[in-house]
Q: 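Before anything else, here's the structure in question.
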Amino acid sequence: MALVVAAAAIFIAHYTWFGRNVYALGGNAALRMGLPVARTKVWVYTLSGLCSALAGVVFTFYMLSGYGLHAVGFELDTIAAVVIGGTLLTGGVGYVLGTFFGVLIQGVIQTIISFEGTLSSWWTKIVIGLLLFIFILLQRVLSSRRLTLKE
């Protein structure tokens, strides 16, 4: 199911008007170009809600129960997977396939730590937090270099 959703997201992001509009959002430039900013934002939130509902159904099958607080604390994991995949937190740069690989890298780290046996599960959060910190620093360095090269 994840592969189907990722393939659909890649197609939508790269081959539709909606995907181009989403990449253009973020500043006044999209509004000045005449793009339907408000309508695109509504569609982004609608698509986000649909994906959240789909993830909730899949997670319910995984946990074999439905409890609204099961996924509390996954916010850092989600942000880390997106940043590890190459999406800038400042916006403007990012790909669905990169996020998919960020999720895979994070899964490998969690699997290694859980199969190690001697490490606490908190080490997963610590390692993911350190990776997130390193990637954010790397993004800052690369974006500052890009700005100095343009000048």
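These numbers come from a predicted model, not from an experiment.
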Q: Do I12 and V96 make a side-chain contact, defined as non-hydrogen atoms from C-beta onward lying under 4.5 Å apart?
A: no
Q: Measure the spacing between NZ of K41 and OG1 of T46 and express it to the nearest 0.5 Å.
A: 13.5 Å
Q: When rounded to the nearest 0.5 angstrom, what is the spacing between OG1 in T111 and CD in Q106?
A: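 Going from OG1 on T111 over to CD on Q106, the span is 10.5 Å.
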Q: Would a line drawn from the ring center of Y95 to the ring center of F101 be shorter than 6.0 Å?
A: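 No, ring centres 6.0 Å or more apart.
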Q: In the single-linkage hydrophobic clustering (I, L, V, M, F, W, Y; side-chain heavy atoms under 4.5 Å), do M63 and F74 co-cluster?
A: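 M63 clusters together with F74.
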Q: Would you indicate whether the side-chain heavy atoms of F100 and L3 approach each other to under 4.5 Å?
A: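 In short, these two side chains touch, coming nearer than 4.5 Å.
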Q: Can you check whether V44's main-chain N or O pairs, donor with acceptor, with S48's side chain at less than 3.5 Å?
A: no
Q: Answer whether the closest heavy-atom distance between the side chains of S65 and T60 falls below 4.5 Å.
A: no
Q: Find the distance between CZ (F59) and CG (L54) and round it off to the nearest 0.5 Å.
A: 14.0 Å
Q: I'd like to check N21 versus R39 (side-chain heavy atoms, cut-off strictly below 4.5 Å). Are they in contact?
A: no
Q: For a 4.5 angstrom cut-off between non-hydrogen side-chain atoms, does V83 reach I79?
A: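 V83 vs I79: side chains touch.
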Q: Any chance you could lay out the side chain to side chain contact (heavy atoms under 4.5 Å, CB included) test for Q110 and V127, step after step, and finish with the verdict?
A: CA-CA 9 Å; Q110 289 175 344; V127 170; over 6 Å; no
Q: Does CE belonging to M33 count more than 12 external heavy atoms closer than 6.0 Å?
A: yes
Q: List for me each residue that meets ring pair (Phe, Tyr, Trp, His ring centres under 6.0 Å) alongside Y67, sequence neighbours excluded, and say none if there are none.
A: H70
Q: Between L35 and T40, is a side chain to side chain contact (heavy atoms under 4.5 Å, CB included) present by the stated rule, with each step listed?
A: CA-CA 8 Å; L35 294 176; T40 304; 5.8 Å; no
Q: Taking the hydrophobic residues Ile, Leu, Val, Met, Phe, Trp and Tyr, and joining any pair whose side-chain heavy atoms are under 4.5 Å apart, which ones share a cluster with I112?
A: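 Besides I112, the cluster holds V108.
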Q: Transitively linked via ILVMFWY side-chain contacts under 4.5 Å: I105 with L97?
A: no
Q: Nearest 0.5 angstrom please: W43 CH2 to L50 CG, how far?
A: 10.5 Å
Q: What is the distance from atom CD1 of I84 to atom CD1 of I134, rounded to the nearest 0.5 Å?
A: 9.5 Å
Q: When hydrophobic residues are tied together by side-chain contacts of less than 4.5 Å, even through go-betweens, does W17 share a cluster with L47?
A: yes
Q: Quick check: is I128 connected to L130 through a chain of hydrophobic side chains (ILVMFWY, heavy atoms under 4.5 Å apart)?
A: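 Yes; tracing contacts between hydrophobic side chains, which count when under 4.5 Å, links both residues.
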Q: State, to 0.1 Å, how close A30 and A24 come at their nearest heavy-atom pair, and which atoms those are.
A: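 Taking every non-hydrogen atom into account, CB-O, 3.4 Å.
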Q: If you take all heavy atoms of I10 and Y15, which pair is closest and at what distance?
A: O-CD1, 4.4 Å
Q: Measuring from atom CE of M1 to atom CZ of F61, what distance do you get when rounded to the nearest 0.5 angstrom?
A: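 The distance works out to 8.0 Å.
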Q: Is V82 linked to V103 within one hydrophobic cluster, defined over Ile, Leu, Val, Met, Phe, Trp and Tyr using a side-chain heavy-atom separation of less than 4.5 Å?
A: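 In one cluster with V82: V103, no.
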